[in-house]
Protein chains: 2
Amino acid sequence: MPTAASSQTALPLRERKKRRTREDLIETALRLFDENGFAATTLDELCDAVGVSKRTFFRYFTSKEDVAAAPSQDLWTTFLDQLRTTDPTDRTVIALLHEALLAALAEMPAANWPTRVLLTRRLASETPSMKAHDLYFCHRTTKTALNLLHTRLVLTPQDDLRVHLALDLLLSAFHLAQEAWAAQPTTPTKNDLITHIATVFEAVPQSLTVKAIARP
Amino acid sequence: MPTAASSQTALPLRERKKRRTREDLIETALRLFDENGFAATTLDELCDAVGVSKRTFFRYFTSKEDVAAAPSQDLWTTFLDQLRTTDPTDRTVIALLHEALLAALAEMPAANWPTRVLLTRRLASETPSMKAHDLYFCHRTTKTALNLLHTRLVLTPQDDLRVHLALDLLLSAFHLAQEAWAAQPTTPTKNDLITHIATVFEAVPQSLTVKAIARP
DNA sequence: ACCAAAAGTGCCACTCAGTGGCATAAGCCT
DNA sequence: AGGCTTATGCCACTGAGTGGCACTTTTGGT
């Protein structure tokens with residue numbers, strides 16, 4: 001008698017268990033990091049709280065930073081999936097990237113994703129090693145995306161350079177939008193973030209033409 | 001009787017000693033990392049080789065990654081200095097940044113800087129934690145540069161966004177140029193790097209207009 | 001239903017980066 | 001010279017991350 005509560009019954013038991021421990025680890029980690037700070041929380045504490053050995057933790061995450069960055073990584077993993085499936089015709093590459101990002105955002109659970117990702121962002125802004133980890137992950141994402149686009153699009157060697165720049169620009173724009181999103185006075189929602197992204201994207205062309213005017 | 005060998009005699013003894021230890025640490029670290037690999041080299045080995053206690057090492061560098069990234073950090077520190085002194089009049093911000101970067105490059109010692117920085121780059125490409133450290137440092141540099149430009153230029157809130165994008169673009173362009181530089185068939189010189197930077201900068205406007213053409 | 005292969009977990013001992021605290025030595029100033 | 005400041009060394013300690021192996025759970029075939 002499968003109730004509505006178990007929505008993904010298609011998955012085998014082992015897989016469900018794994019997802020559950022992974023989710024438990026992320027959930028508890030974010031709570032502990034939030035309450036006591038990232039540095040002040042030890043992995044032993046986290047593992048005790050979840051009821052898992054430290055050895056097992058490192059079979060799910062590569063580092064202490066990694067578990068805290070999970071929410072933000074989910075977005076970019078989904079982004080890559082979208083990039084694999086979105087029809088690329090009749091668009092500039094930058095518009096394609098923008099669209100794939102919006103599609104990825106749409107996939108994120110509207111309920112708790114904003115709070116989670118904002119918490120991750122706050123932790124990253126307070127903890128250099130976390131920010132570094134996040135930047136590295138984004139760097140990996142651009143590399144993967146570039147390879148992906150090469151398999152799907154016709155790109156000359158010159159285009160490779162331009163597309164790479166476009167990807168870096170996307171990441172940069174997203175981070176700036178995220179900052180504005182986190183700083184806004186009202187409670188940040190997913191739609192707000194989409195608006196901020198649009199705003200930053202509109203500012204991109206002007207970034208090449210801003211004049212330097214010396215202070216008097 | 002000050003000989004030509006001691007060029008900066010103006011500095012007090014203590015300061016000279018400090019610079020020397022710092023330089024020794026960087027020099028030896030790069031050599032050991034190059035010979036045995038970053039992970040395989042322990043800080044104890046490095047400290048033994050230089051004749052310094054581990055405690056002292058951490059008074060010069062914040063981490064193992066930090067000492068290996070020193071050559072690349074030198075450039076960006078000099079870049080910020082240039083940004084403080086360059087006359088900003090009659091230019092776009094992006095041109096100002098480009099120029100400051102070239103000026104910083106000019107300050108680098110032509111003899112060993114290329115090899116050093118290429119080694120650092122290779123290590124970073126092989127070692128995630130080093131790449132992450134490097135990206136974080138660049139991130140800090142853009143933040144500092146942005147604050148700096150605010151003190152020297154008249155920037156509206158909208159301009160802030162645009163200038164931030166321009167800074168990210170500069171970093172992105174530099175990294176792409178550096179990759180091309182490292183990959184070139186002939187021995188990379190400082191002038192080659194300058195040429196690569198110019199090439200990437202020229203490609204920037206087109207990065208916004210590349211069309212996505214699906215593979216057949 | 002049973003059993004063997006496979007996949008996941010726990011435990012233990014270990015390495016090594018990084019820190020705090022205090023005693024000692026080296027450069028500085030008059 | 002002699003006190004003052006600053007840099008270094010030493011030691012003990014925390015905590016992240018790993019290797020290895022024994023143990024348990026799931027799975028798939030019969």
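Labels below follow one simple rule: chain letters A, B, ... track the order of the sequence lines, proteins then strands, and each chain is numbered from 1. None of the values given here were measured: they were computed from a predicted structure.
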Do any pairs count as a side-chain hydrogen bond (donor to acceptor under 3.5 Å, both in side chains) and have a residue in residues 29-46 of chain A, sequence neighbours left out, and if so which ones? A:Asp34-A:Arg122

Evaluate salt bridge (charged side-chain N to carboxylate O under 4.0 Å, His left out) for B:Lys131 paired with B:Glu126, printing each intermediate quantity in order. CA-CA 8 Å; B:Lys131 185 72 196 171; B:Glu126 292 166 353; over 6 Å; no

First of A:Thr21 and B:Glu65 reached from the 5' end of DNA chain C, by closest nucleotide: A:Thr21

Would you mind reading off the distance between [X] atom [atom1] and [N] atom [atom2], rounded to a whole angstrom?
X       : N      : atom1 : atom2 : value
B:Arg20 : D:dT8  : CZ    : P     : 13 Å
A:Phe61 : D:dT18 : CZ    : P     : 15 Å
B:Arg16 : D:dT6  : CZ    : C1'   : 17 Å
B:Leu43 : C:dT15 : CG    : P     : 16 Å
A:Phe33 : D:dG15 : CZ    : P     : 13 Å
B:Leu25 : D:dA7  : CG    : C1'   : 14 Å
A:Lys18 : D:dT25 : NZ    : P     : 18 Å
B:Asp44 : D:dC10 : CG    : P     : 12 Å

Checking contacts here: which listed nucleotide (C:dG18, C:dC16, C:dT9) is nearest the side-chain heavy atoms of A:Thr56? C:dT9

With a non-hydrogen cut-off below 4.0 angstrom, is [X] in contact with a base, only sugar-phosphate, or nothing?
X       : result
A:Tyr60 : sugar-phosphate
A:Thr41 : sugar-phosphate
A:Ser53 : base

Between B:Glu65 and B:Ser129, does any side-chain donor sit less than 3.5 Å from a side-chain acceptor? yes

When you check the side-chain N and O atoms of B:Gln184 and B:His196, is any donor under 3.5 Å from an acceptor? yes

Is the ring centre of A:Trp76 less than 6.0 Å from the ring centre of A:Phe174? yes

Find out whether A:Gln178 and A:Ile197 are in side-chain contact, i.e. whether some heavy atom of one side chain is under 4.5 Å from a heavy atom of the other. no

Side chains of B:Lys143 and B:His164: does their closest heavy-atom pair fall under 4.5 Å? yes

Both B:Gly51 and A:Ala40 contact DNA chain D. Which one's nearest nucleotide lies toward the 5' end? B:Gly51

Which parts of nucleotides 19-30 of chain C does protein reach within less than 4.0 Å, heavy atoms only, written one letter per nucleotide 5' to 3' as B for base, S for sugar-phosphate only and - for none? BBB----SBS--

